[in-house]
There are 2 protein chains.
Amino acid sequence: MVTEAQNIILQNIARHITLTEAEASHFLSLLTVQNVSKKQFWLKEGEICRHSAFVFEGCLRGYTVDANGFEHILQFAPPNWWISDMYSLLTGNPGQLMIDALEPTRIMLLAKSDQEQLYKDIPKFERFFRIITENSLVANRQRVIDAMSLTARERYEQFCQRYPTLINSIPQKQIAAYIGVTPEFLSKLRSIRNKAKG
Amino acid sequence: MVTEAQNIILQNIARHITLTEAEASHFLSLLTVQNVSKKQFWLKEGEICRHSAFVFEGCLRGYTVDANGFEHILQFAPPNWWISDMYSLLTGNPGQLMIDALEPTRIMLLAKSDQEQLYKDIPKFERFFRIITENSLVANRQRVIDAMSLTARERYEQFCQRYPTLINSIPQKQIAAYIGVTPEFLSKLRSIRNKAKG
DNA sequence: TACTTCCAATAAACTAGATTAAGAAAATCC
DNA sequence: GGATTTTCTTAATCTAGTTTATTGGAAGTA
């Protein structure tokens with residue numbers, strides 16, 4: 001008996017590697033489901049991150065808080081995305097990332113220790129995580145480039161194109177904290193854009 | 001007979017995986033050495049990147065050129081670093097990265113096709129590239145955070161701490177193009193800093 | 001030796017985006 | 001369903017960093 005949630009994660013993995021039934025069921029046995037209610041934290045600054053999380057319902061956000069108390073969003077994690085504080089996960093040191101839920105969210109957890117054992121038991125997973133890490137790195141590098149070479153307006157346009165579904169489902173202040181402007185300035189950008197459109 | 005250059009790359013790999021002699025020599029047989037003279041391009045915008053490059057002498061830089069002709073440096077690659085246009089390498093599409101040499105440089109090339117075959121022949125390499133990609137991702141994420149939450153002065157201080165050897169070996173305008181300010185403003189930052197130091 | 005090219009420093013004018021403040025609209029909560 | 005909190009908008013003022021321009025020095029080169 002495979003649940004809907006388990007189906008979603010198996011589909012996600014099938015995009016890059018092919019598992020036997022035995023391998024799939026072994027993998028599923030390592031996962032635990034967790035509910036994160038709206039605004040609830042899954043991880044806080046200073047904590048040690050010991051799991052990778054796969055979102056299958058809702059939406060998480062990963063962000064840092066700077067010296068002046070401003071939030072800067074590193075990642076949104078809607079369904080089908082993996083999220084963690086990778087620095088903390090890899091090093092075992094306390095991280096600086098805060099991860100909380102923008103709406104009622106359901107995730108599946110894979111403990112770091114289980115993940116490492118999984119690499120030994122089913123080396124294909126080494127491949128799977130290599131590939132999604134590569135894709136993530138490409139996206140992150142593009143974000144560094146965009147931050148340096150685009151204006152705030154252009155970054156907003158980019159965001160609209162790249163994440164059309166998020167635009168209507170999350171508050172604007174969250175988008176502002178992702179593209180790196182104040183909510184006030186984003187509001188100004190939008191009003192100018194709307195005037196231009198008639 | 002193992003050359004000095006081959007020794008360097010084997011050491012680099014030994015930090016994460018252990019190879020038998022046969023595996024090491026197979027791996028080395030896939031590599032080709034290339035010299036890149038100062039200011040010479042290894043890769044240009046619009047080209048398709050078909051190799052990963054490992055620097056064992058000199059220094060490369062990867063950068064983009066924006067709509068106004070300004071350069072933005074994504075990565076310096078001093079000895080012991082890997083560099084490529086990963087977007088282009090993964091997708092097979094033309095990339096936007098320019099890669100050239102800041103000084104006379106020597107690299108070892110691993111073709112994408114060979115790299116993929118290597119994953120099949122010696123799965124340990126899947127692990128090796130997963131790990132260095134993870135480390136690279138962590139560094140890139142930190143750079144996104146820094147770009148959003150630090151001032152230009154703070155980003156300069158960070159750079160000095162993080163890459164103390166580069167500070168004295170590359171022109172300041174290159175550092176400015178990395179931390180995301182104009183050379184003029186970096187000069188101003190430095191003069192204020194020097195006054196403060198007496 | 002002069003010729004050129006590249007690099008760093010300085011300064012005044014300028015602008016994208018931040019800050020501050022205040023009100024309107026929406027969502028959330030008893 | 002009314003109170004309360006959160007989100008969005010508008011507008012005036014302010015500032016970190018850019019732009020433009022000029023100078024002097026260092027390094028390569030004929």
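The sequence lines fix the lettering, A, B, ..., with proteins before strands; numbering per chain opens at 1. Values below: all heavy atoms of this structure, side chains included; hydrogens, waters and symmetry mates excluded.
The distance from atom CG of B/Leu102 to atom P of C/dC6 is 15 Å, rounded to the nearest whole Å. The distance between atom CD1 of B/Ile167 and atom C1' of C/dC7, rounded to the nearest whole Å, is 16 Å. The separation between A/Lys173 atom NZ and D/dT5 atom C1' is 11 Å, rounded to whole Å.
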Protein heavy-atom contacts under 4.0 Å, written 5' to 3' over nucleotides 11-27 of chain C as B (base), S (sugar-phosphate only) or - (none), form the string B-----BSBBB------

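Summarising the geometry, atom CD1 belonging to A/Ile48 is positioned 11.0 Å from atom CG belonging to A/Leu89; distances are rounded to the nearest 0.5 Å.
Note: B/Phe128 and B/His16 have tilted aromatic rings, judged against thresholds of 30 and 60 degrees for the angle between ring planes.
Phosphate contact (OP1/OP2 of C/dC7, side-chain N/O of B/Gln174, threshold under 4.0 Å): absent.
The main-chain N or O of A/Trp82 is found under 3.5 Å from a side-chain atom of A/Gln75 such that the two form a donor-acceptor pair. No donor-acceptor pair closer than 3.5 Å links the side chain of A/Gln174 to the backbone N or O of A/Pro171. At distances below 3.5 Å, at least one donor-acceptor pair connects side-chain atoms of A/Arg155 with backbone N or O atoms of A/Leu150.
Taking the six-membered ring wherever Trp is involved, the centroid distance between the rings of A/Phe76 and A/Tyr163 does not fall below 6.0 Å.
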